[in-house]
Amino acid sequence: MEESRGKSSELVSLGSWDVVVIGAGIVGAAVFRELTRYHLRVLLVDALNDVGGEASRATSAIIHAGFDPEPGTLMSQANVDGVQLWFRWSQELSIDLEWNGSLVVAFNDEEVNEITRLLHQGKNVGVPVKFLGREEVLRREPMLNPEIRAALYAPVSGIIDPFQAVVALVGNGLKNGGHVFLNARVKGLERRKDGVLVHTEKGSIQSKVVVNCAGVGAHKIMEMAGETWFTIHPRRGQYFVLDKQVGHLVRHVVFPAPTSLGKGTLVTRTTHGNLLIGPTAEDLAEPDSSTTAEGLRAVLEGAKRLVPFPFERYAITQYAGLRAMGSTGDFLVAHSKAMEGLVNVAGIKSPGFAAAPALARLAVKLVGDIVRLEERSDFDTRFEFPPRMTEIPFADREGLIFEDPKYGHIVCRCEMVSEGEIVSALRMNPPAMDLDGIKRRIRATSGRCQGGFCMPRIIDILVRELGISPNRITKFGGRSFVVYGDNRGDDQ
């Protein structure tokens, strides 16, 4: 296996490992990265064609300050600790994270009482929070509904690039000797004398420890181990993404006062300069990440209550994500009650993104109960993304184009992404392997036209660089093919 160290996906053969992490979302990626700090053979397994392909790609992309979860819960402590870790992690891993602060706004006496409760709760758990009157709120956010009464301000809340975060964590783990195995859905677990046998669609993997970070499907992994006391149901959240033309509409992350269903429909900028509104909170019996007309109407209504604005005129796309609603109401990070060698990290809903670094540290401690953790002296904390033409000085752009003319050929005009950047996304580790993988890494097809102009050109680059036919190119792996044959005549 030494020849495949640091390589991803298909270069990894099935074999024996110290730790197998199931699920390459934000929590699984964080656990994977933290485990590579030690002299361990670590494998990250996921059912999809890319990392970060499920809940982590369809979130509000918010680092929550930590005043909202119930004090004394794991959710509360992990949120507060996670925020502190993100300050360092975002710098080490070159992740776009902006600490722009959040406002939870109130329109009536009941909501004022709710944000007052959150004010005291936040102070009790050590989160810096401040009560703002109407005039101060409108001074900070003049586009807000003038009927607001007050707001709770939390400066240690921020917006993050969720795609970068997962890719950087996995990439850093690969850099430090970890391995990734994709398109390998887990079908069963079997306890063996020397660990756990993980059965996947591509074969079986032996491991001393298995860490279950399977998101909405984490309870199914637990069931495979004979553990049925904990259940998860999906809660769908639908969103609109708006054009960058209105990305300046608000400065902070703006929330309504929360309800029993969650934090409500927010209005926020993204790290990419767009405006994001959503989510809904729809409890489902089975996972379903499709958007609905009813859900999107609810998003618009909730957003307009906060900011009276014709959002629908500037919408460029919509999406839905699923939150893992655990039956205990709290995060679960614990040894399995039914299978020795299995560590469960389950029921990770919002604020799971903010809490991910702290949850990873807790999971690693549990792994240390089973295998010896010997810290590596050569662990590299850094990760660097390939250069982005829009983020470097003009003089440096000229030098880059001189070295590789592909950087001078703009393919995606909405996001100003060059051919050189697309090629770099296909060659980085972990590499993009499909259209959505490219989108998440360098934003090609993310702009106003949503790939209407650049997608054929990106497909040509994928065909050339991956050495496959156009009808094998997918949007997100599996059978999501985007080309179904050539309808040109033989004389063309």
Residue pairs, two or more places apart or on separate chains, that pass salt bridge (Lys or Arg N to Asp or Glu O under 4.0 Å) and touch residues 149-172: D109-R149
Test log, rule side chain to side chain donor-acceptor pair (under 3.5 Å), inputs D330 and T328: CA-CA 5 Å; D330 196 4; T328 65; over 6 Å; no
What pairs with S336 under side chain to side chain donor-acceptor pair (under 3.5 Å), at least two apart in sequence or on another chain? E227
Mind running side-chain contact (heavy atoms from CB on, under 4.5 Å) on K130 and L132 for me, showing each step along the way? CA-CA 6 Å; K130 183 179 180 181; L132 302 180; 3.9 Å; yes
Can any side-chain N or O of [X] pair as donor or acceptor with the backbone N or O of [Y] at less than 3.5 Å?
{"X": "R269", "Y": "R251", "value": "yes"}
{"X": "Q121", "Y": "F67", "value": "yes"}
{"X": "S76", "Y": "G72", "value": "no"}
{"X": "N49", "Y": "F476", "value": "no"}

All N/O donor-acceptor pairs, side-chain side in residues 348-364, below 3.5 Å, sequence neighbours left out:
from	atom 1	to	atom 2	distance (Å)
S350	OG	H64	NE2	3.4
S350	OG	K263	NZ	3.1
R361	NE	E34	OE1	2.7

Does E415 come within less than 4.0 Å of K244, counting only side-chain N to carboxylate O? yes
Do the charged groups of K304 and E312 touch, with an N to O distance under 4.0 Å? yes
Rounded at 0.5 Å granularity, tell me how far CD in E223 sits from CZ in F230. 11.5 Å
Can you confirm whether M75 is buried at CE, in the sense that more than 12 heavy atoms of other residues, nucleotides or ligands lie under 6.0 Å from that atom? yes
